[in-house]
Amino acid sequence: MTSATPRKGATRMAEIAPDVRAALSRGEIASATLTEGLAVDQAVLLRTVFPDLPASALRAAQAIVPLGILKRMQGLGELLWHTLGETAFERARGHTSDTVRGWACFMVGAMPAQPLAQRLQTIQPLADDPHFGVREWAWMALRPHLAAQLDEAIALLTGWTHAPQDNLRRFASEALRPRGVWCAHIPALKRAPQQALPILTPLRADPARYVQDSVANWLNDAAKDQPDWVRQLCQQWQQQSAHPATAYICRRALRSQKNR
């Protein structure tokens with residue numbers, strides 16, 4: 001079911017053809033939309049990709065599969081790491097299924113006693129994955145580690161803001177959004193968002209819309225707690241840079257402040 005032309009994909013569950021749903025759950029194709037990703041039967045996928053899992057792991061998976069999507073991905077990634085270790089990671093990280101590669105992201109999060117720099121190095125290919133979903137799982141998987149070691153995380157991710165890959169520059173911003181999406185907030189950045197300026201400032205005129213949107217969303221998050229700081233920063237940026245990207249970022253950053 002592969003093709004040189006990307007599938008358009010379904011936007012509603014009812015639109016997913018039975019053969020596509022089955023192929024997704026067997027790991028034969030990648031999802032083309034978030035809807036398709038949510039439709040994957042991860043219990044079937046787990047048994048298909050990892051037929052060597054012991055019965056105890058399969059029983060544990062039965063309790064994980066009904067959970068919400070983030071807890072399901074995290075739970076299965078952790079289960080695979082603790083059961084099969086490096087073997088599971090090597091099998092998953094290059095798999096056709098974006099869901100399986102997503103499990104690999106959470107395996108990186110589950111690896112014990114890894115220095116943050118090593119964890120980031122391991123996740124980097126997944127953070128630059130061609131599939132939108134895998135890139136999201138990559139930052140979500142590492143976010144708890146990044147938040148727990150915030151100063152080091154900011155220092156390390158500042159280097160990513162100069163990466164040639166748009167996806168890695170976006171990761172640097174997205175992974176530490178104060179409020180984030182589908183994840184716990186970072187109270188320290190809600191209180192003092194200026195800590196992240198080493199990441200945000202190099203991206204204030206980024207050429208990629210994908211990165212611009214992330215920076216704008218970061219600042220929009222911060223504006224919910226520190227609106228004056230965000231307004232002052234945007235004013236400063238626009239005085240220092242006439243780049244259209246900066247204007248776009250600031251306009252979107254302040255979109256929730258217009259009526260205040």
(message) Using the ring-ring contact (aromatic ring centres under 6.0 Å, His included) criterion, which residues pair with Trp237? Sequence neighbours excluded.
(response) none
Check for a donor-acceptor pair, side chain of [X] on one end and backbone N or O of [Y] on the other, with a separation under 3.5 Å.
X	Y	value
Arg101	Thr96	yes
Gln212	Tyr248	no
Gln235	Arg231	no

Do the side-chain N and O atoms of [X] and [Y] include a donor-acceptor pair separated by under 3.5 angstrom?
X	Y	result
Arg204	Gln240	yes
Glu78	Gln74	yes
Tyr210	Asn167	no
Arg179	Asn217	no

(request) Supply the atom-to-atom distance Thr11 OG1 to Glu36 CD, rounded to the nearest 0.5 angstrom. (result) 9.5 Å
(request) Not counting sequence neighbours, list each pair that qualifies as a ring-ring contact (aromatic ring centres under 6.0 Å, His included) and has a residue in residues 61-109. (result) Phe106-Trp137
Contacts table for residues 51-64: side-chain donor-acceptor under 3.5 angstrom, sequence neighbours left out:
from	atom 1	to	atom 2	distance (Å)
Asp52	OD1	Arg91	NH1	3.1
Asp52	OD2	Arg91	NH2	3.1

(message) If I compare all heavy atoms of Cys105 with all of Ala141, which pair ends up nearest, and what's the gap?
(response) O-CB, 3.3 Å
